[in-house]
Amino acid sequence: MKVNNIDYRTVWLEGTSVFFIEQNLLPFQFNIQEAKTYSESCVAIRTMKVRGAGAIGAIAGFAMAQAALEAPESDYHSFLKNAKTEIEATRPTARNLFYAVEKVYTASLTSRAAAVFEAQQVADRDAADSRKIGEFGNELIRDGMAIETHCNAGWLAFVDYGTALSPIYLAHQQGKKIFVYADETRPRSQGARLTAWELRQAGVPHTIIPDNAGAWLMSLGKIDMMIVGADRIAANGDTANKIGTLEKAIAAKEYGVPFYVAAPTTTFDLNCPDGSHIPIEERNEDEVLYQDGFTIDGRHERVLVCSPGSTAFNPAFDVTPAKFITGIITEKGIIKADRETIASLFNGISSNSQCG
Ligand code: MRU
């Protein structure tokens, strides 16, 4: 996608370095950073400089390729095994991370060059899948619709285009008059910061709403459809996504608002029989207790926004049961969120991930 008229991907490999858009600084500063080693790429994932399922997958694949390039000849296999474990430990929920690491690790057993090639394939596939999701999802969008989204499943969360926002971009480009309600998505405010920034860059009419406003707007008939992303989808269609998604899905069902999940097939985990097996990341309480941002004169500040001395519980994701999901928009088409449909989508092929 374009930023200041220049085409960017969120993350890419050049030589032995990974370059990425530093998402913690957005929307205040647009900054490209470099990770020279696979360990530095791990830090970028852990600290959420690169975040969002597809983007995490791409940088994890590149990190695995960096490890293949760094591995000493004498100790090649054990170095790679350790690197794989380290990369997989960066964030537990996004399925794309494990998909990418497995693919690139397997390739690295053939050669270093094969690992680099495979990592690039993973990133290219992510961009292509997101584009297709846009085409299928756009078919659901009618002129005049108001669409709510949660967190950021835009192009920043993937290599390009995004998932939940990809249909919105296409509909807007085709001249459909649409309006987007972006949930702010505390505690890290990916909606208020990243989704709003993306939509503004693309000229899509939108407004940010507090996290607790969605149900009220639905009850007033102001939301025609909700589209969210996904971090992992179990074999029965239960979907892990950013914390707060579940309550939106329940409200959408109550008020008859179609609730769609947009995700590539690389986000499905057929080894997770249902959502109760999806590992849910718990992040540091400081993300809730403090907020950070930039002052008008450009200084970065971090302030305490909670009662001093209180603790906070900070689960990063929740699981929406399949029964609340109207459909899943994938790169292969829009499918029902049920076990039979998902099994036939994969033609009985199961993944290698260890769920749980
Ligand atoms: O913790 P994050 O920001 O990496 O969370 C992932 C997400 O961006 C969301 O859950 C998103 O809706 C699905 S992944 C694009």
Side-chain angles (χ1 to χ4, degrees), residues 1 10-11 20-26 44-60 90-100 126-127 129-130 133-134 137 147-168 180 182-198 211 214 226-233 238-249 259-269 275 278-284 287-288 314-320 325 328-331:
M1 300 290 271
T10 50
V11 53
F20 58 85
I21 298 171
E22 210 300 27
Q23 298 196 34
N24 290 320
L25 296 177
L26 284 172
I45 302 172
R46 258 198 310 274
T47 56
M48 292 179 68
K49 291 181 175 196
V50 176
R51 42 118 332 254
I56 291 172
I59 189 170
T90 51
R91 292 199 69 191
T93 304
R95 161 73 186 135
N96 295 62
L97 182 149
F98 299 90
Y99 164 83
D126 185 79
D129 287 351
S130 291
I133 285 169
I147 304 164
E148 183 177 344
T149 189
H150 191 67
C151 195
N152 172 261
W155 70 272
L156 288 167
F158 290 82
V159 173
D160 210 346
Y161 303 102
T163 53
L165 296 192
S166 186
I168 287 169
V180 178
D183 295 348
E184 61 174 347
T185 321
R186 295 284 170 122
R188 292 187 69 103
S189 304
Q190 290 95 329
R193 290 178 178 223
L194 305 177
T195 297
W197 180 79
E198 279 195 30
D211 282 328
M226 180 137 194
I227 313 180
V228 300
D231 295 273
R232 196 184 293 225
I233 301 175
D238 291 352
T239 295
N241 193 48
K242 182 53 60 189
I243 191 79
T245 304
L246 170 60
E247 59 194 48
K248 300 292 176 289
F259 184 94
Y260 284 94
V261 169
T265 49
T266 47
T267 300
F268 287 72
D269 186 351
I278 299 177
I280 299 295
E281 178 180 16
E282 199 184 308
R283 293 188 62 87
N284 194 291
E287 292 183 350
V288 178
N314 187 17
F317 303 96
D318 58 27
V319 176
T320 299
I325 299 169
I328 306 178
I329 309 166
T330 76
E331 79 279 11

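Numbering of ligands and ligand atoms starts at 1, following listing order. Scope of the values below: all heavy atoms of this structure, side chains included, with no hydrogens, waters or symmetry mates.
Within the 3.5 Å criterion, the main-chain N or O of G57 finds no donor-acceptor partner in the side chain of N96.
A55 and L156 make their closest contact through CB-O, 3.8 Å (heavy atoms, listed as atom of the first residue, atom of the second, distance). The shortest heavy-atom contact between I133 and T330 is CG1-C, 3.5 Å.
Ranking protein heavy atoms by distance to atom 15 (C) of ligand 1, first place goes to F158 CE1, 3.2 Å.
In terms of polar-atom proximity, T163 is not counted as a contact of ligand 1, lacking any N or O under 3.5 Å from an N or O of the ligand. The shortest N/O to N/O separation between G52 and ligand 1 falls below 3.5 Å.
Heavy atoms of R188 stay at 4.0 angstrom or farther from ligand 1. Using a 4.0 angstrom heavy-atom cutoff, A230 counts as in contact with ligand 1. Between E281 and ligand 1 there is no heavy-atom distance shorter than 4.0 Å.
The proximity of V228 to ligand 1, defined as any non-hydrogen pair under 4.0 Å, does not occur for either the backbone or the side chain.
Of the candidates T267, I233, V319, D231, T239 forms a side chain to side chain contact (heavy atoms under 4.5 Å, CB included) with just one, namely I233. Considering H150, R51, E184 in turn, R51 is the only one that fulfils the side chain to side chain contact (heavy atoms under 4.5 Å, CB included) rule with Q190.
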